[in-house]
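These values consider heavy atoms only, across backbone and side chains, with no hydrogens, waters or symmetry-generated copies. Since the model is a prediction, treat every value here as computed from it, not as a measurement.
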Amino acid sequence: MIDIKGKVADVMGSSQQMPTMSSLNSSSPDDETTSLLRADNMGTKSKSTASSSEITISTLAESPSNDEESQRSDEVMKKKHTWLMPFFVNIFLACASFSIVMPSLSPYLIEVGASMSYLPRAVASYSIGEMIGSVAIGSFYEYTTRTFALGRGPRISMIMSILFGIVGSALYASAGWIDGNRYIAQYFIVAGRFLQGAWTGGQQAIEQAYISAAVEPSKRVEFTATLSTCAVLGFVAGPTIGALLSMIDTTVFGLKIGANNAPGIFILLANFIMMVQTTLFFDGKDDRTGEIVDEADEEEQVDSSSGTSGYKPFNYMGVAVSMFLFYIHYYSFAIQETIITPLSSVLYEWNALEVNLLFSCAGVLSLITSFAVRLLARHVEDRILLVASILIGFIGSAFLMDLPFSPDLPVWRFLAGFSMVTVAFPIGRNVVLGIFGNVLGPVNQGRWMGAMIAISAFPRIVGPFIALGLLELVNWKTWLEFGICACLFFVVFGLVIQYIDLLVPYEDFLDDFEKYVKRNRGNQLQQDVYSPIPSPIIGRSSAIVRKQRVQS
């Protein structure tokens, strides 16, 4: 057996956990659908009106936009940024805050007298809070947007999310000021991290739901990648800010501020900045899904000759495939970010400097990839990028397997596999979120985006335990762990190819569905449109009693 503890101790003890890209979740873009974009699209309808049975992979090669549209997109982003700029600030500060805390978390627990066995709870509490916060605040966002006056729902939801961050940061920072009771201090740290997770989870759900409402389908991937680039900048800047904070050792009003609780103070100030600029510059009026629901209830749903009987179908398979693929990408990345540090020390005896350099290069690679996705999304169909992310993830996982290629894992293949998985993650995340918003259609997506963010948080809770357990099971060989990742990518690749015709904007899906009904002269839509997933789309009819909007 390999002496793991001896080899890992040098790296894990001397180097703190590097900030990862897993909270790229915190990025979510927006764009105002302006008259500039409408003028180009008013006379044209979506190209994907062919029957789903007639759509082939070859059609995906068609470019959805030209150079003129790319220039107009940049022009819109520059001129119409009343809500885009607040999102840039929020995303940057949230991602920088995450990368600042992680290196100082272990020393902070030791300072307050907690044992290192408490560290997993402190780490997991953030992801648990992110899961709960994304679903709860996402649902609240949907309710307020459909109930309150135009603009108030998104603003209230975002402010409430930031309030969680303020309270959580205050608890985290004040844990170092509690003397003589380590139990209360460690509970403050765990509770603070939980509330910080709820803040970031809720913020991500709000931002992604807002972009789905404010940006036209063909531009969602592009702007998701744009804001992801801003998130990566936050991750890159975080360690630099953290290094400056580590030099603080002072007392203010009798309260000690040192290297360990200074990150909490910084995050508290960052949340106040986010609160002020959100209140001043974010009006929330680009999300008009509440008005769309009211109008849809008043309209006649579908001509009775089409046989729809007042019902609209729900693309539940497109939703399910998107969610599963999102989970696979996050699972793969969570596994990598957990085991790379101990694995590199065991296999190659790398020191802390070498491991830190590896993760620094990964951050730069993620930044380049996010920027590249933004450009590629203008010229390449979203589903082409989606398939590419799966294939890159599969090949990267295969490269990281030490069997059957060779008894040992060569350094070149380790670096190649690590790089490919690093590239696959931002491509997959940005594209899946864009496609997911398109599949759901023109409805408020607060609950759905909250569920999506929760799915991304779950692998970061169970992933570390699974990854380390599998490595120890086979004496730190990588074939089992990364073999499972490769198999998951292979399975999801088959699913995507099987249902790729369903990963389209809802309007195109509805057109194909109506054509299918007419061709088959079906009149039993209540069976055909049944969805096991509750949806705001399914089951609308003129008989539904409209909820009265609260005007104020």
key: M275 vs L163 side-chain heavy atoms within contact, under 4.5 Å   = yes

key: Least distance between heavy atoms, S125 atom then V190 atom   = OG-O, 3.5 Å

task = Look at the side chain of R155 and the backbone N and O of T279, then say whether any donor-acceptor pair between them is shorter than 3.5 Å.
result = yes

Heavy-atom donor-acceptor pair, Y108 side chain to G176 backbone, under 3.5 Å = yes

query = Does F188 have any side chain to side chain contact (heavy atoms under 4.5 Å, CB included) partners at least two apart in sequence or in another chain, and if so, which?
reply = L171, S174, A175, I178, I184

query = Quick one: does N261's side chain have a donor or acceptor within less than 3.5 Å of a partner on G258's backbone?
reply = yes

inquiry  = Under a plain distance cut-off of 3.5 Å, with no hydrogens placed, do T200 and Y126 share a side-chain donor-acceptor pair?
reply    = yes

query = Taking the side chain as C-beta and beyond, is there a heavy-atom pair between F194 and I132 under 4.5 Å?
reply = yes

ask   = In terms of ring plane angle, is the pair W448 and F436 parallel, tilted or perpendicular, where the classes change at 30° and 60°?
value = perpendicular

query = Does the pair Y331 and I466 meet the rule for a side chain to side chain contact (heavy atoms under 4.5 Å, CB included), with working shown?
reply = CA-CA 10 Å; Y331 176 81; I466 295 175; 3.6 Å; yes

inquiry  = A side-chain contact here means heavy atoms from C-beta on lying under 4.5 Å apart; do R121 and Q186 qualify?
reply    = no

inquiry  = Donor-acceptor check, side chain of S228 to backbone of T224, threshold 3.5 angstrom: yes or no?
reply    = yes

message = Main chain of G437, side chain of Q445: is a donor-acceptor contact present, judged purely on distance under 3.5 Å?
response = yes

key: Non-neighbouring partners of Y348 that pass ring pair (Phe, Tyr, Trp, His ring centres under 6.0 Å), sequence neighbours left out   = W350, F414

ask   = Are E130 and S456 close enough that a side-chain donor and a side-chain acceptor fall under 3.5 Å?
value = no

inquiry  = I want to know whether Y141 and Y210 have ring centres closer than 6.0 Å.
reply    = no

inquiry  = Using modelled atom types and a 3.5 Å cut-off, is there a donor and acceptor pairing between side-chain atoms of S332 and backbone atoms of I328?
reply    = no

query = Between the main-chain N or O of T144 and the side-chain N or O of T147, is there a donor-acceptor pair closer than 3.5 Å?
reply = no

